[in-house]
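For reference, the structure discussed in these notes is given below.
Nothing here was measured: the structure is a model prediction, and the numbers come from that model.
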Amino acid sequence: MGRRCWVDRGFFTTYPNIYVALVGEAGSGKSVAMYQARDLIESVNAQLPREDRMVLAPKCSSARKFMSILAAQQIVFKVGEKSYTHAPICCFLSELSNFIQLDPNFTLNFLTD
């Protein structure tokens, strides 16, 4: 949701970054929950103008392609005199290994950095 959503705490404003990893036994419903969340975002996106939609990452990507997707989503904002770059994107991945399989070492280093 990027900086379109915030919590005003008086002294400061919190912009939420949400990272969720579903971990559990096979057949415990992780994929069902993930697909319901993805469907919710897709239904919200269908009601929004293209420029306001949340970007969904592909299910499988090379790191370089993923970087180009992130670069296209960059939003620059200022806090005081300092500029920050933000690139919001939603990744719904049944297996992280499938997403990074094309270049795992490079992708993991990129995501960590």
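The side-chain heavy atoms of I41 and F92, taken from C-beta on, include a pair separated by under 4.5 Å. Residues V79 and Y84 are in side-chain contact: their nearest non-hydrogen atoms beyond the backbone lie under 4.5 Å apart. You'll find the side chain of T13 stays beyond 4.5 Å of the side chain of V7, heavy atoms only. Two residues are said to be in side-chain contact when any heavy atoms from C-beta on lie closer than 4.5 Å; K82 and K78 fail this criterion. Between I69 and P58 there is a side-chain heavy-atom pair separated by less than 4.5 Å. Between V55 and P88 there is no side-chain heavy-atom pair separated by less than 4.5 Å.
Nearest approach of K30 to E25, heavy atoms of both residues: NZ-O, 3.0 Å. Here the shortest heavy-atom pairing between V44 and M54 reads CG1-CE, 4.2 Å.
Distance alone, capped at 3.5 Å, places no donor-acceptor pair between the R9 side chain and the T14 backbone. Between the side chain of N109 and the main chain of N105, a donor-acceptor pair closer than 3.5 Å is present.
One finds the CG atom of D39 at 10.0 Å from the CE atom of M34 (value rounded to the nearest 0.5 Å). Distance CE/M67 to NZ/K65: 12.0 Å, rounded to 0.5 Å. With rounding to the nearest 0.5 Å, the separation of CG in L70 from OG1 in T85 is 11.5 Å. Atom SG of residue C90 and atom CD of residue E42 lie 10.0 Å apart, to the nearest 0.5 angstrom. Rounding to the nearest 0.5 Å places CZ of R38 at 10.0 Å from OG of S31. Taking CG from N45 and CG from L56, the interatomic distance works out to 6.0 Å, rounded to the nearest 0.5 Å.
In the hydrophobic cluster analysis, where Ile, Leu, Val, Met, Phe, Trp and Tyr join through side-chain heavy atoms closer than 4.5 angstrom, V32 is grouped apart from L93.
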